[in-house]
Amino acid sequence: MNTTEKTAPAAGASTRVTLEDIRAAAVILDGVAVRTPLIEAPALSRITGVPVALKCEHLQPIGAFKIRGAYHAIARLPAEDRVRGVVTHSSGNHGQAVAYAAQRLGVRAVIVMPEDATRVKVEGVQRYGGEVVFVHDRTQRESRCMQLAAERGLVVVPPYENPDVIAGQGTCGLEILEDWPQVETILVPVGGGGLIAGIATAAVALKPGIRVIGVEPAGAAKLSAALAAGRPTRLERSHSIADGLLPLSVGVLPFQHLDGVVHQAVRVEEDDLAQAVRFLHDEMGLRVEPSGAASTAALLAGRYQPTGPAVAVISGGNVDPDVFYRLTH
């Protein structure tokens, strides 16, 4: 299949992502995104008393699940839009994914990143040919992105406020249910909400009654705030070693897919995240960033107790070497 011939949804088309959209995304992503393994986690199974498996998205080509949504969204752009180039804003993993996807599709990419972004993620964007534009304040990323889009005629590929991005991320949930139909609970790290929106859409369509649980840092509890208010609610600030989970609010479009489907957000402390990174390294031999370890942290620290087979999604592994050494020694 020639993925570059795919077109974007027509103007006025529904932004509601369906299981059919996710299955179509899986076809486009075949040969690009890795069908990552579900690996048994015996130590977590002993701790929780139920079978637990890890969905290893840190094994994607760019080291995180973001390749699913970014590639799908860019591949779906009409040819006349792709030729203009793309721009996005990111703390790191989405930026790497957009740069990687753009490089594969022959598109130029500009990534707006905060000055304090993890060095390994900045270098990843540059390695895949992306141009990095820094902003001093993280809250300036989106406005600078939109400014560049207007000035240079670039097409914006948002991190999560986009149905094609959500459909691409949903392929992760599709794989989980295909590989382990018995799963009863899926725990998902939450930043802007694109991953959990996609996974929940796929999982609930395939297995009504399955529980999809969001996991977020206590210092960035934006899904907890949204569920309490019944709408996305902006935090005053966010802080955590989980640098990929720091948006001040879940996205409007992701929340539309979560509303009435995801009923619980679990908050993990900084020590929980650090212990989970160390546990995954020592017990499983996995190199995972704090953001990617959040769902494992919820189980390891007893913040959530599943009652049946559970999957913890490891969302990424792009961790600064110095941070990783400090957390694992």
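The residues of the chain are indexed from 1 along the displayed sequence. Small disclaimer: the values here were computed from a predicted structure and weren't measured. Values below: all heavy atoms of this structure, side chains included; hydrogens, waters and symmetry mates excluded.
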| query | How many angstroms lie between CG in D164 and CD1 in I28, if you round to the nearest 0.5 Å? | reply | 7.5 Å
| task | Salt-bridge test for E175 and K55: reply yes if a basic N is under 4.0 Å from a carboxylate O, no otherwise. | result | yes
| query | If you measure from OG on S291 to NE2 on H58, what distance do you get to the nearest 0.5 Å? | reply | 14.0 Å
| task | Would you indicate whether the side-chain heavy atoms of P158 and N162 approach each other to under 4.5 Å? | result | yes
| What's the spacing between L44 CG and L300 CG if we round to 0.5 Å? | 6.0 Å
| said: Regarding T307 and R211, do their side chains bring together a donor and an acceptor under 3.5 Å, going by distance alone? | reply: yes
| task | Using a strict 4.0 Å threshold on nitrogen-to-oxygen distance, state whether D116 and R138 make a salt bridge. | result | yes
| field | Between Q147 and R144, a side-chain donor and acceptor under 3.5 Å | value | yes
| said: I'd like to know if R127 and E123 make a salt bridge, using a cut-off of under 4.0 Å between side-chain N and carboxylate O. | reply: no
| query | Regarding E270 and S240, is there a side-chain donor-to-acceptor distance under 3.5 Å anywhere? | reply | yes
| Do we get R287 above F324's six-membered ring, with its NZ or CZ under 6.0 Å from the centre and within 45° of the axis? | yes
| field | K121/D243 ion pair, N-O < 4.0 Å | value | yes
| task | For the pair E184 and K207, find out whether any cationic side-chain nitrogen is under 4.0 Å from an anionic carboxylate oxygen. | result | no
